[in-house]
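Note that these values count all heavy atoms, side chains included, but never hydrogens, waters or copies made by symmetry.
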Number of protein chains: 2
Amino acid sequence: MARAATTADAFNAVAEPRRRQILDLLAEGERSVTDLVAAMGIVQPLVSKHLRVLREVGLVDVREVGRQRLYRLNGEPLRAIYDWVRAYERTWTRRFDLMETVIEELKERHDSDD
Amino acid sequence: MARAATTADAFNAVAEPRRRQILDLLAEGERSVTDLVAAMGIVQPLVSKHLRVLREVGLVDVREVGRQRLYRLNGEPLRAIYDWVRAYERTWTRRFDLMETVIEELKERHDSDD
DNA sequence: ACAATACATACCCATATCGGTATGCGTCAA
DNA sequence: TTGACGCATACCGATATGGGTATGTATTGT
């Protein structure tokens, strides 16, 4: 077995910087593949492949217009990530760090006796 | 080149379910490796490897006590993820979906004429 | 009908992943 | 001192990734 498939969930899909870039671009509005290719610095097949991953986890929707494919953002799957990280919010506040430090010092003062 | 290294940033580190599980366990407090091994269903070397990744992106800190390594959570690197996803918050609200739909309908009504 | 355009897909390559087993090393206990 | 324990690291294997090039397919324009 290798790493979990990137198509598995939003966490994996979003771990790739290029895919985050695509989502950021799409956040401004619907765009065609060629549009995205122009905006990013990579070749079209690569963009298409990243779009496929995003499609498979439901982060983007497609609409066919003539020979164009217009991609649109669907942020809903990001909610899972948001909910998970949000639980850690208190963790990176200054207050939390200080509290931890104090606890730590108390613990060490308790364990050792010089 | 293959996929971006998992040690590259918090996004990659957290894409792995097992590593999220470790963080969740550590959120309850400091734990030794053996402790984590017992709590998760995998062998010790695997836990150690995941811990290494988490260490390298700064998501955990270690403390040596005798022959034990006590790991502690450091949520700070999660902040980057939080900030990124949070920008999309409006995206998965009901209101945003409705708004998009309306815009979409207006656009189609404007383009075609049946 | 034919060429051009817009994408998706098929391959190929190099790499790094996760899982597991074997091993090394420092610390503690007898 | 010797053995057990706690953990990290070295390997190995299978797999899937991201990058790229070549190619196929549908739609549009001439």
Chemist: Please name the pair of heavy atoms, one in A:Val85 and one in B:Ile81, separated by the smallest distance, quoted to 0.1 Å.
Modeler: CG2-CG2, 3.9 Å
Chemist: Rounded to the nearest Å, what distance is computed from the CG atom of residue A:Asn12 to the C1' atom of nucleotide D:dA16?
Modeler: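 My rounded result for the distance is 11 Å.
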Chemist: Report the distance from atom CZ of B:Arg63 to atom C1' of D:dG6, rounded to the nearest whole Å.
Modeler: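 After rounding, the reported distance stands at 16 Å.
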Chemist: Rounding to an integer number of Å, can you tell me how far B:Asp9 CG sits from C:dA16 P?
Modeler: 15 Å
Chemist: How close or far is atom P of C:dC18 from atom CD of B:Gln21, stated in whole angstroms?
Modeler: 14 Å
Chemist: If you check every side-chain atom of A:Arg67, which of D:dG18, D:dT27, C:dA22 has the closest atom?
Modeler: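 Shortest atom-to-atom distance from the side chain points to D:dT27.
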Chemist: Would you please confirm or rule out a distance under 4.0 Å between OP1 or OP2 of D:dT17 and any side-chain N or O of A:His50?
Modeler: no
Chemist: For a ring-ring contact (aromatic ring centres under 6.0 Å, His included) with A:Tyr82, tell me which candidate from B:Trp92, B:Tyr88, B:Trp84 qualifies.
Modeler: B:Trp92
Chemist: Which nucleotide in the list C:dA8, D:dG19, C:dG20 gets nearest to the side chain of A:Glu16?
Modeler: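 Of the candidates, D:dG19 comes closest.
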Chemist: With respect to the side chain of B:Val43, which nucleotide from C:dT21, D:dA8, C:dT9 is positioned closest?
Modeler: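 Selected nucleotide: C:dT21.
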Chemist: Looking across every strand, which nucleic acid part, if any, lies under 4.0 Å from A:Gln68 by heavy atom: base, sugar-phosphate, or nothing?
Modeler: sugar-phosphate
Chemist: Can you measure B:Glu64 atom CD to C:dG26 atom P for me and round it to whole angstrom units?
Modeler: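 Those two atoms, CD and P, are 12 Å apart.
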Chemist: A:Leu59 and side chain to side chain contact (heavy atoms under 4.5 Å, CB included): which single residue from A:Leu23, A:Asn74, A:Val53 fits?
Modeler: A:Leu23
Chemist: Of the options C:dG19, C:dA8, D:dG20, whose atoms approach the side-chain atoms of A:Arg55 most closely?
Modeler: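 The answer is C:dA8.
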Chemist: Counting just side-chain N and O atoms, does B:Arg19 come under 4.0 Å of either OP1 or OP2 of C:dC18?
Modeler: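 Indeed, a polar side-chain atom of B:Arg19 lies that close.
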Chemist: Looking at B:Val14, is its backbone amide N or carbonyl O close enough to the side chain of B:Arg19 to form a donor-acceptor pair, meaning the two atoms are under 3.5 Å apart?
Modeler: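 No; zero donor-acceptor contacts below 3.5 Å.
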Chemist: Take atom NZ of B:Lys49 and atom P of D:dG13, then tell me their distance rounded to the nearest Å.
Modeler: 14 Å
Chemist: In terms of the nearest nucleotide of DNA chain D, which residue is placed more toward the 5' end: A:Gly66 or A:Leu46?
Modeler: A:Leu46
Chemist: Can you tell me if B:Tyr71 touches the phosphate of D:dG6, counting only side-chain N or O atoms and a distance under 4.0 Å to OP1 or OP2?
Modeler: no
Chemist: Check whether A:Tyr71 and A:Leu25 end up in the same hydrophobic cluster, where Ile, Leu, Val, Met, Phe, Trp and Tyr are linked by side-chain heavy atoms less than 4.5 Å apart.
Modeler: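 Yes.
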Chemist: Of the listed nucleotides (D:dA8, C:dA8, D:dT21), which one gets closest to any side-chain atom of A:Gln44?
Modeler: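 Looking only at side-chain atoms, A:Gln44 lies closest to C:dA8.
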Chemist: B:Arg31 has an atom CZ; how far is it from atom P of D:dG6, in whole Å?
Modeler: 15 Å
Chemist: Calculate the interatomic distance between B:Arg69 atom CZ and C:dG26 atom P; express it in whole Å.
Modeler: 10 Å
